Amino acid sequence: MKPNIKVFDSPELLAISFAEYFAEEVSKKSRVNIALSGGSTPKIIFQALASEYSNRIEWNKVHFYWGDERCVPPDSAESNYKMTKDFLLDEIRISETNIFRIRGEDESHKEAIRYSNEICNSVHIVNDLPCFDFIMLGLGEDGHTASIFPDRLDLFHSSKICEAVQNPLTHQNRITLTGRVINNAHAAAFFINGSQKAGIVKKIFNDSDAKEKFPAANVKLSNGTLYWYLDKASFQ
């Protein structure tokens with residue numbers, strides 16, 4: 001299935017469009033399991049949700065997970081959880097029992113196992129894998145997504161739910177969902193803004209060897225819909 005590409009005049013319009021889509025999806029379901037990402041575009045989306053939908057979405061239906069996390073404490077400025085907490089979770093009414101964070105302060109390999117078990121115990125299983133209702137994805141300038149970097153394309157074939165990995169440049173430990181779990185989602189979307197991402201976006205869409213080079217090019221949902229939310233600066 002071809003991805004659904006959406007291009008907006010600004011990051012703010014991108015954020016508003018997704019917020020509207022998400023609110024509509026939540027209204028249709030009794031429970032929504034969403035895996036979040038870090039980055040500048042999700043931050044804008046979280047701000048849009050907090051400002052426009054704090055009282056318009058039944059947040060008790062929404063259960064938050066993370067697609068990846070840096071191995072840092074939850075109060076670190078580098079924490080994806082902290083960014084979400086600051087810009088969304090603290091601005092809405094939601095129970096702590098609906099928030100399933102990756103414990104970045106714990107040993108990475110043990111936490112990858114613990115978080116895998118937590119996901120399997122709380123997310124609907126389809127095709128013998130957890131099936132998230134929605135997964136938010138970012139895109140690095142090297143083509144990485146979640147914390148699947150170009151040197152770890154094998155993670156798209158891993159039998160595990162989560163794996164402990166390292167950023168190949170900084171050697172920082174991270175924990176990530178694996179590719180098979182990402183591709184088993186009901187829906188997922190890349191959220192991209194800025195001219196600095198235009199080059200990698202073009203390569204992923206046009207390079208015949210993209211799958212051998214860039215993890216993001218391997219995101220192809222088995223039975224779900226993949227969206228690309230881009231601003232004009234990133235889609236040239």
Side-chain angles (χ1 to χ4, degrees), residues 31-39 42 62-85 89 96-140 142-191 214-222 224:
R31 175 176 173 134
V32 174
N33 295 312
I34 181 171
L36 308 174
S37 71
V62 184
H63 292 71
F64 291 103
Y65 302 78
W66 277 261
D68 72 319
E69 182 61 279
R70 299 174 182 89
C71 290
V72 296
D75 58 354
S76 168
E78 294 185 77
S79 167
N80 288 339
Y81 163 76
K82 176 175 168 51
M83 189 270 282
T84 310
K85 181 177 185 294
L89 300 179
E96 286 290 329
T97 60
N98 288 39
I99 300 169
F100 299 82
R101 75 173 180 90
I102 299 172
R103 297 174 186 169
E105 68 273 25
D106 291 346
E107 195 280 322
S108 60
H109 291 86
K110 291 181 180 178
E111 175 57 10
I113 294 170
R114 187 203 69 82
Y115 200 59
S116 297
N117 291 333
E118 187 164 58
I119 289 170
C120 287
N121 290 332
S122 56
V123 175
H124 187 53
I125 302 296
V126 177
N127 302 320
D128 296 322
L129 289 167
C131 179
F132 284 95
D133 295 288
F134 199 93
I135 297 180
M136 299 180 72
L137 297 167
L139 175 66
D142 61 353
H144 84 264
T145 191
S147 282
I148 304 178
F149 293 92
D151 66 334
R152 292 301 311 272
L153 287 171
D154 61 290
L155 293 180
F156 275 89
H157 307 287
S158 173
S159 61
K160 298 178 181 179
I161 308 304
C162 299
E163 290 230 29
V165 299
Q166 277 194 343
N167 181 319
L169 295 180
T170 65
H171 303 293
Q172 182 185 54
N173 291 327
R174 296 188 178 194
I175 295 164
T176 186
L177 289 180
T178 58
R180 291 176 68 232
V181 177
I182 293 171
N183 283 332
N184 197 51
H186 178 71
F190 285 97
F191 296 96
F214 310 120
N218 291 271
V219 176
K220 297 186 183 297
L221 272 55
S222 303

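Here the structure is a predicted model, which is why all the values come from computation and not from measurement.
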Determine whether Glu163 and Arg152 satisfy the following criterion, side chain to side chain contact (heavy atoms under 4.5 Å, CB included), listing intermediate values before the conclusion. CA-CA 11 Å; Glu163 290 230 29; Arg152 292 301 311 272; 4.2 Å; yes
Begin from the C-alpha positions of Leu169 and Phe149 and carry the test side chain to side chain contact (heavy atoms under 4.5 Å, CB included) through to its verdict. CA-CA 10 Å; Leu169 295 180; Phe149 293 92; over 6 Å; no
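For the pair Asn80 and Ser37, the minimum side-chain heavy-atom distance is 4.5 Å or more. In this structure the side chain of Arg101 never reaches within 4.5 angstrom of the side chain of Lys85, judged on heavy atoms. Contact check for Phe132 versus Ile182: no side-chain heavy atoms found under the 4.5 Å cut-off. Residues Pro74 and Glu105 are in side-chain contact: their nearest non-hydrogen atoms beyond the backbone lie under 4.5 Å apart.
One N or O on the side chain of Asn121 and one on the backbone of Asn117 form a donor-acceptor pair closer than 3.5 Å. Of the possible polar contacts, none joining the Ser158 side chain to the Asp154 backbone as a donor-acceptor pair under 3.5 Å is found. Between the side chain of Asp68 and the main chain of Arg174, no donor-acceptor pair closer than 3.5 Å is present. Looking at Asn183, its side chain does come within 3.5 Å of a backbone N or O of Asn218 through a donor-acceptor pair. Without hydrogens or angle criteria, Thr145 side chain to Ala216 main chain gives no donor-acceptor distance under 3.5 Å. A donor-acceptor distance shorter than 3.5 angstrom exists from the side chain of Asp142 to the backbone of His144, with no hydrogens or angles considered. Panel note: side chain Asn173, backbone Ala164; no donor-acceptor pair is recorded below 3.5 Å. Counting only distance, with no hydrogens or angles, the side chain of Ser79 and the backbone of Asp75 share no donor-acceptor pair below 3.5 Å.
Under the side chain to side chain donor-acceptor pair (under 3.5 Å) criterion, Tyr115 pairs with no residue, sequence neighbours left out. Residues satisfying the side chain to side chain contact (heavy atoms under 4.5 Å, CB included) criterion with Glu78, sequence neighbours excluded, are Arg70, Val72, Ser76, Gln172.
In this structure, CG on Leu36 lies 12.5 Å from CZ on Phe100, to the nearest 0.5 angstrom. The CG atom of Asn33 sits 12.0 Å away from atom NE2 of His186, with the distance rounded to the nearest 0.5 Å. Atom CG of Leu89 sits about 10.0 Å away from atom CE of Met83, to the nearest 0.5 Å. Here Phe214 contributes atom CZ and Ile148 contributes atom CD1; the two are 15.5 Å apart, rounded to the nearest 0.5 Å. Distance check, rounded to the nearest 0.5 Å: NE2 of His124 to CG of Asn184 gives 10.0 Å. One finds the CG atom of Leu129 at 5.5 Å from the CD1 atom of Ile161 (value rounded to the nearest 0.5 Å).
With Tyr65 as reference, Val123 is the one residue of Val123, Ile34, Ile102, Ile99 to meet the side chain to side chain contact (heavy atoms under 4.5 Å, CB included) rule.
Heavy atoms only, all atoms of each residue included: Ile175 and Cys162 are closest at CG2-CB, 4.3 Å. Between Ala35 and Leu177, the shortest heavy-atom distance links the atoms CB-CD1, 4.2 Å. Considering all non-hydrogen atoms of both residues, Glu111 and Arg103 come closest at OE2-N, 2.8 Å. Nearest heavy atom pair, residue Ala146 against residue Thr176, reads CB-OG1, 3.4 Å. Ala189 approaches Phe134 most closely through the heavy-atom pair CB-CZ, 3.5 Å. Closest non-hydrogen pair, Gly143 versus Pro215, comes out as O-CD, 3.2 Å.
Classification of the Tyr81-Trp66 ring pair by plane angle, with boundaries at 30° and 60°, yields perpendicular.
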